Amino acid sequence: MDWIDVKTKKPLVYKSGNWDGKCSEKVLVKLKDGTAQVADLNEGVLDGFEFSIWYDIKSFELDSEVVAWMPIPE
């Protein structure tokens, strides 16, 4: 499976819950420093401003820029 550039396409954000905006499924992300980890994307509009934030599996915002992603292989 190939990495998908985040400038080209982002994961589908569709889940709603006890958070702002919509959330994606967990995906594998490649960070600017070359490492990879599991994360999800949270997007929406808050107070008239669009936001797009990646969170790790412990719900902490990622410190490094996400450059690519892929679905988690089965």
Side-chain angles (χ1 to χ4, degrees):
M1 187 167 276
D2 294 327
W3 289 104
I4 302 166
D5 190 319
V6 293
K7 294 176 184 170
T8 305
K9 182 180 176 183
K10 294 181 182 175
L12 179 64
V13 292
Y14 68 94
K15 297 191 301 184
S16 58
N18 191 21
W19 56 79
D20 295 322
K22 302 282 184 186
C23 185
S24 72
E25 294 289 336
K26 300 285 187 210
V27 294
L28 188 60
V29 296
K30 184 178 182 182
L31 304 176
K32 190 173 185 176
D33 64 8
T35 61
Q37 68 182 75
V38 175
D40 56 51
L41 177 61
N42 205 312
E43 291 187 321
V45 177
L46 187 60
D47 296 330
F49 296 96
E50 291 183 12
F51 65 90
S52 182
I53 305 170
W54 290 93
Y55 291 97
D56 67 15
I57 58 174
K58 294 182 179 179
S59 297
F60 290 109
E61 190 172 340
L62 296 182
D63 292 333
S64 185
E65 179 184 352
V66 173
V67 295
W69 67 279
M70 73 169 68
I72 297 175
E74 292 184 25

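What you see is a predicted model, and the numbers here were worked out from it, not measured in a lab.
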Who are the side chain to side chain contact (heavy atoms under 4.5 Å, CB included) partners of D20, not counting sequence neighbours?
L46, F51

Are any non-hydrogen side-chain atoms of L62 and V29 less than 4.5 angstrom apart?
yes

How far apart are the closest heavy atoms of V66 and V6, and which atoms are they?
O-CG2, 3.4 Å

Atom CD1 of I53 and atom CH2 of W19: how far apart are they, to the nearest 0.5 Å?
13.5 Å

Closest non-hydrogen atom pair, K15 against S24
CE-O, 3.5 Å

Could you give the distance from CH2 (W54) to NZ (K10), rounded to the nearest 0.5 Å?
8.0 Å

Side-chain contact test, heavy atoms from C-beta onward, threshold under 4.5 Å: evaluate it for D5 versus V67 and give yes or no.
no

ILVMFWY cluster, V27 and Y55 together (side-chain gap under 4.5 Å):
no

Within a reach of under 6.0 Å around CG of D63, are more than 12 heavy atoms found that belong to other residues, nucleotides or ligands?
no

Atom pair NZ/CD1 of K26 and I72 - distance to nearest 0.5 Å:
8.5 Å

To the nearest 0.5 Å, atom CH2 of W3 lies from atom CH2 of W69 at 10.5 Å

Verdict with reasoning, M70 to D2, per side-chain contact (heavy atoms from CB on, under 4.5 Å):
CA-CA 7 Å; M70 73 169 68; D2 294 327; over 6 Å; no

Please round to the nearest 0.5 Å and tell me the distance separating atom CD1 of I4 and atom NZ of K30.
12.5 Å

Is the shortest heavy-atom distance from the side chain of C23 to the side chain of V13 under 4.5 Å?
no

With sequence neighbours left out, write down each residue that passes side chain to side chain donor-acceptor pair (under 3.5 Å) with T8, or none if nothing qualifies.
none

Who passes side chain to side chain donor-acceptor pair (under 3.5 Å) against E25, sequence neighbours left out?
Y14

